[in-house]
Amino acid sequence: MKFSLFGVLGLLTAATAVKVNPLPAPRNITWGSSGPIAVKQLSLHSSSNVVSHDDLNSAWERAWSAITTLHWVPAATEAPIPHFDPFPTPSANAKRDASAAIHSVHLSVANGDADLQHGVDESYTLEVTKTSGRVNIKAKTVWGAMHAFTTLQQLIISDGHGGLILEQPVKITDAPLYPYRGIMLDSGRNFISLPKILEQIDGMALSKLNVLHWHIDDAQSWPIQMQTYPEMVKDAYSPREVYTKADIRRVIAYARARAVRVIPEVDMPGHSSSGWQQIDPEIVACSNSWWSNDNWPLHTAVEPNPGQLDIIYNKTYDVVRNVYNELSGIFTDNWFHVGADELQPGCYNFSTHVTEWFAEDPSRTYNDLAQVWVDKAIPIFRDAGKHRRIMMWEDIFLSTEAAHDVPKDIVLQSWNNGLGNIDNLTAHGYDVVVSSSDFLYLDCGKGGFVTNDPRYDVMSNPDANTPNFNYQGPGGSWCAPYKTWQRIYDYDFTTNLTDAQAKHVLGAEAPLWSEQVDDVTISSSFWPRASALGELVWSGNRNAAGQKRTTELTQRLLNFREYLVANGVMATALVPKYCLQHPHACDFYYNQTAIV
Ligand SMILES: *[C@@H]1O[C@H](CO)[C@@H](O)[C@H](O)[C@H]1NC(C)=O
Ligand SMILES: *[C@@H]1O[C@H](CO)[C@@H](O)[C@H](O)[C@H]1NC(C)=O
Ligand SMILES: *[C@@H]1O[C@H](CO)[C@@H](O)[C@H](O)[C@H]1NC(C)=O
Ligand SMILES: *[C@@H]1O[C@H](CO)[C@@H](O)[C@H](O)[C@H]1NC(C)=O
Ligand SMILES: *[C@@H]1O[C@H](CO)[C@@H](O)[C@H](O)[C@H]1NC(C)=O
Ligand SMILES: *[C@@H]1O[C@H](CO)[C@@H](O)[C@H](O)[C@H]1NC(C)=O
């Protein structure tokens with residue numbers, strides 16, 4: 001449906017027009033007041049060093065295709081959108097200078113060869129003036145140029161008469177606050193099909209998120225086809241729920257073409273049963289035990305099904321080396337995530353190797369056991385080359401079963417205890433990726449997934465007589481409540497850190513554990529909440545005066561949700577559509593600065 005934006009916005013003064021609201025908000029965007037200019041067929045003129053850069057050229061074609069196929073009409077603006085006007089007046093249109101138009105994009109990239117790796121320069125500037133008749137983009141790297149395109153494609157909108165316009169003059173100077181801006185996709189608990197993975201990458205690119213942390217396997221399934229151990233894939237959910245090498249390469253290439261890195265995770269030694277047990281059951285402890293929530297002192301896992309790599313059995317390390325090396329040959333990122341979360345001591349009672357090792361020296365502890373893993377496995381992980389950076393969950397350093405000595409160059413991903421653990425890890429000199437579950441876990445608040453749970457049998461449960469009975473609090477979800485976009489955006493994760501500590505915060509990532517997620521709901525679980533994180537880590541949650549701009553994000557995010565859907569990313573609705581069309585009519589407080 002096309003309707004005249006300038007017809008409906010004709011209530012505004014012509015000079016106000018539509019300062020469209022790209023997400024993430026650029027670090028610095030300044031508008032003039034001359035009004036919109038027509039945009040004609042835009043051709044890309046790139047500096048000679050990148051003129052035949054395939055990924056860059058296809059990124060431009062994609063942006064231009066989105067511009068011309070969508071003819072985007074902002075779905076939510078800061079100004080009220082009056083009712084649909086079937087007979088738009090051409091008045092605002094007539095105010096435009098018919099002779100002026102934008103015909104081209106001039107792109108200059110300083111370093112066309114910079115690889116897409118951690119810390120690569122992603123900055124760009126974008127400037128449009130009527131007198132130049134062009135869009136001028138300057139970027140240090142092609143990756144920054146791609147970000148400029150996703151901004152530009154949001155700026156060019158329908159003129160309501162079959163043409164395109166761009167509000168001008170406009171000048172943008174932009175660069176991310178953090179080099180690591182991610183989401184985590186879990187394809188171990190439920191399989192996620194290739195098209196759905198690519199859809200998440202589309203959402204990331206539009207949100208300027210640059211790291212897809214791919215938690216590939218878990219105890220429940222092993223979905224990757226392997227050459228060294230073809231038998232591992234017997235523990236895929238079905239022969240169709242398998243990623244071939246070609247599939248993985250496709251994901252990496254698709255992501256790279258959108259300035260998104262793919263960091264694989266093979267979770268070890270915990271959360272390891274499927275796949276590994278096919279190679280040799282002896283390298284996996286406790287996979288046939290009862291996970292035992294009902295008798296907690298005997299538990300072998302925090303959720304079904306159990307299984308941990310045997311830390312003492314030597315063959316474990318031969319297998320780990322082969323699996324890791326094969327995957328290191330496919331994944332192109334310098335970083336590799338090797339898990340290390342939630343090691344459960346009870347599991348190792350089922351290993352004769354481990355119980356004999358403890359018996360040999362009664363002074364040995366589970367911390368000593370974790371240290372054996374660090375000492376034997378880390379050298380294997382480092383062997384992948386001098387650029388390899390290893391990433392682990394914080395548990396290896398901060399849990400009851402932590403190792404004594406974790407090398408300081410390992411990047412730790414923090415998920416417990418909010419600011420406290422970020423403070424602790426950075427004070428110890430670790431580089432940290434923030435994924436605090438209280439703010440950034442996207443799977444929380446759905447209740448438990450485990451079956452045969454009598455707590456839900458409210459008719460026979462005497463507690464059910466209590467009004468709003470909620471299973472002693474979180475309703476069966478360990479990390480309840482559901483994290484809303486406002487909670488995510490509001491998270492000041494460097495609060496009270498010293499400058500030295502803050503430098504160790506590389507960025508943040510929103511994980512989506514997939515026990516209760518598959519192709520059907522993955523997109524609506526990630527989006528548009530992950531876009532709120534995208535802005536938090538790109539340009540922050542405060543305005544130039546240092547005030548929280550959560551309320552200001554509202555219309556930007558509501559528009560962006562519609563934009564994601566229009567671009568094929570099945571983001572969930574956040575509000576009744578009434579709220580999009582009546583800016584701030586749905587606010588909790590009338591006072592727009594109530595959030596501080
Ligand atoms: C934003 O850019 C404008 C124009 O280039 C400049 O005058 C202004 O100081 C910049 N603002 C900030 C906060 O950097
Ligand atoms: C493991 O062994 C220890 C020591 O014997 C015991 O306290 C613990 O309950 C056992 N756990 C399991 C899961 O068997
Ligand atoms: C396991 O390997 C270590 C060296 O890493 C060696 O000292 C030990 O004897 C081996 N154990 C067995 C049972 O082979
Ligand atoms: C950090 O965590 C370690 C390990 O749990 C603990 O020993 C230490 O007291 C903590 N330090 C701070 C400053 O919280
Ligand atoms: C930050 O530190 C101040 C001063 O010690 C303290 O009052 C405040 O509670 C801290 N903020 C957070 C979020 O921990
Ligand atoms: C709006 O909220 C801010 C922050 O709480 C407060 O300082 C200000 O006085 C409020 N304004 C009005 C008009 O209530």
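All heavy atoms count here, side chains included; hydrogens, waters and symmetry mates do not. Numbers here simply count residues along the sequence, with the first being 1.
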Whether the [X] and [Y] side chains hold a donor-acceptor pair (N or O, under 3.5 Å, no angle test) is what I'd like checked.
X: Q516; Y: D443; value: no
X: T572; Y: W527; value: no
X: Q555; Y: N21; value: no
X: Y491; Y: S436; value: yes
X: N190; Y: S514; value: no
X: E509; Y: Q413; value: yes
X: K208; Y: T151; value: yes
X: H106; Y: N136; value: no
X: Q41; Y: H103; value: no
X: T551; Y: T554; value: no
X: Y482; Y: R487; value: no

Fill in: Stacked cation flag R258 on Y254, 6.0 angstrom / 45 deg
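The answer is yes, since R258 meets both limits relative to Y254.
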
Fill in: N541 side chain near D492 side chain, heavy-atom distance below 4.5 Å
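Yes - at least one pair of side-chain heavy atoms lies under 4.5 Å apart.
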
Worksheet item: Side chains of H45 and R134: does their closest heavy-atom pair fall under 4.5 Å?
Response: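 No. Closest side-chain heavy atoms not under 4.5 Å.
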
Worksheet item: Could R181 and E535 be called an ion pair, given the rule that one side-chain N must be under 4.0 Å from one carboxylate O?
Response: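 Result for this pair is no, no salt bridge flagged.
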
Fill in: Charged N-O contact under 4.0 Å between R261 and D333
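Looking at R261 and D333, the cut-off is met.
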
Discussion item. For R27, is the CZ atom crowded, meaning more than 12 foreign heavy atoms sit under 6.0 Å from it?
Written reply: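 Enclosed: over 12 neighbouring heavy atoms sit under 6.0 Å from CZ of R27.
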
N/O donor-acceptor pairs under 3.5 Å from side chains in residues 58-65, not counting sequence neighbours:
unit_1	atom_1	unit_2	atom_2	d
S58	OG	D54	O	3.1
S58	OG	D55	O	3.2
R62	NH2	A257	O	3.2

Worksheet item: Any ring-ring contact (aromatic ring centres under 6.0 Å, His included) pairs touching residues 543-563, not counting sequence neighbours?
Response: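 For residues 543-563, and leaving out neighbouring residues, the ring-ring contact (aromatic ring centres under 6.0 Å, His included) pairs sorted by first residue read W72-Y563.
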
Quick one: sort the [X] and [Y] rings into parallel, tilted or perpendicular, breaks at 30° and 60°.
X: W393; Y: W513; answer: tilted
X: W485; Y: Y489; answer: tilted
X: H147; Y: W538; answer: perpendicular

Worksheet entry | Pairs involving residues 477-565, ordered by first then second residue, that meet disulfide (SG to SG under 2.5 Å) (sequence neighbours left out) |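 Qualifying pairs, neighbours excluded: C444-C479.
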
Worksheet item: Mind checking whether Y178 and F493 have ring centres under 6.0 Å apart?
Response: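 Y178 vs F493: aromatic centres under 6.0 Å.
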
